Amino acid sequence: MTTIELVQGDITRQRVDAIVNAANSSLLGGGGVDGAIHRRGGPAILEECRKLRAGHYGKGLATGRAVATTAGDLDARWVIHTVGPVFSASEDRSGLLASCYRESLRIADELGARTVAFPAISTGVYRYPLEDAARIAVDAVRAARTDVEEVRFVLFDERAHAAFAARLS
Ligand code: ADP
């Protein structure tokens with residue numbers, strides 16, 4: 001059984017086995033939660049991301065996929081980078097967003113992570129509507145077969161927290 005927790009706050013302050021990053025396909029950093037994770041986690045994370053790009057992920061990480069690195073100076077063992085879809089009004093990309101959660105949990109299982117913190121993937125610069133994103137995230141985690149014991153959704157602001165709380169209750 002996986003317990004789902006909701007927290008309003010900064011994901012870079014969480015003490016968990018793995019922190020999930022809403023990365024972009026370049027894996028080389030960006031704004032939003034990605035920028036915050038690299039800032040607080042220090043250069044070791046980017047260094048490993050660069051190695052991934054130089055190796056198996058030469059074309060970048062595909063949308064809906066996930067890959068892990070060190071968590072550097074964060075209070076976690078790993079950062080799991082996943083690439084959410086950019087919202088589209090004309091195309092249903094919910095499967096790709098659900099895949100981010102599923103794939104991140106699969107990587108967490110491979111690592112042996114038991115506690116995993118997720119941000120609200122794709123709800124910032126990628127413009128996914130919060131209510132849709134919350135439904136997809138909660139449903140994907142509930143449906144996942146995983147050994148992760150605690151999934152903690154860490155929502156940055158009150159609106160995001162309310163959307164996830166509504167879906168959970
Ligand atoms: P995306 O490109 O996937 O939309 P963003 O980083 O722009 O990624 O936004 C994803 C979500 O992360 C947004 O809801 C944003 O408010 C939130 N966010 C930004 N910084 C943090 C942080 N330090 N901790 C948790 N969530 C954050």
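It should be emphasised that the depicted structure is a prediction, and the values quoted were computed from it without experimental measurement. Remember, it's 1-based here, ligands and their atoms both numbered in the order they're listed.
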For Arg40, run the side-chain hydrogen bond (donor to acceptor under 3.5 Å, both in side chains) check against Asp10, Asp73, Thr12 and tell me which one passes.
Thr12

Purely on distance, is any nitrogen or oxygen of [X] under 3.5 Å from one on ligand 1?
{"X": "Val125", "value": "yes"}
{"X": "Ala22", "value": "no"}
{"X": "Tyr126", "value": "yes"}
{"X": "Ile121", "value": "no"}
{"X": "Arg127", "value": "no"}
{"X": "Asp34", "value": "no"}

So which heavy atom in the protein is nearest [atom], and how far is it from that ligand atom?
{"atom": "atom 16 (O) of ligand 1", "value": "Phe156 CB, 3.7 Å"}
{"atom": "atom 5 (P) of ligand 1", "value": "Gly124 CA, 3.9 Å"}
{"atom": "atom 10 (C) of ligand 1", "value": "Ala120 O, 3.4 Å"}
{"atom": "atom 23 (N) of ligand 1", "value": "Asp10 OD1, 2.9 Å"}
{"atom": "atom 24 (N) of ligand 1", "value": "Ile11 N, 2.9 Å"}
{"atom": "atom 14 (O) of ligand 1", "value": "Thr123 OG1, 2.6 Å"}
{"atom": "atom 3 (O) of ligand 1", "value": "Ser122 N, 2.9 Å"}
{"atom": "atom 12 (O) of ligand 1", "value": "Val33 CB, 4.0 Å"}

Listed once per pair and sorted, the salt bridge (charged side-chain N to carboxylate O under 4.0 Å, His left out) pairs that draw on residues 116-144, sequence neighbours left out:
Asp132-Arg135, Asp139-Arg167

Atom pairs and distances, donor-acceptor, side-chain atoms in residues 153-160, under 3.5 Å, two or more places apart:
| unit_1 | atom_1 | unit_2 | atom_2 | d |
| --- | --- | --- | --- | --- |
| Asp157 | OD1 | Arg159 | N | 3.4 |
| Asp157 | OD1 | Ala160 | N | 2.9 |

Any idea which atoms of ligand 1 are less than 4.0 Å away from a heavy-atom of Gly9?
24 (N), 25 (C)

Between Glu103 and Gly64, the two heavy atoms sitting closest are CG-O, 3.3 Å

Minimum heavy-atom separation for Ser122 to Pro85, with atom names?
OG-O, 2.8 Å

Okay, side chain of Glu48, backbone of Ala44: is any donor-acceptor separation there less than 3.5 Å?
no

Between Thr115 and Val16 (side chain of the first, backbone of the second, donor and acceptor by atom type, cut-off under 3.5 Å), is there such a pair?
no

Intermediate values then yes/no, side-chain contact (heavy atoms from CB on, under 4.5 Å), Arg65 and Val83
CA-CA 6 Å; Arg65 302 297 301 274; Val83 182; over 6 Å; no

Within-4.5 Å side-chain heavy-atom neighbours: Thr3 and Val151
no

Going by the angle between their ring planes, with limits at 30° and 60°, are Phe87 and Tyr128 parallel, tilted or perpendicular?
perpendicular

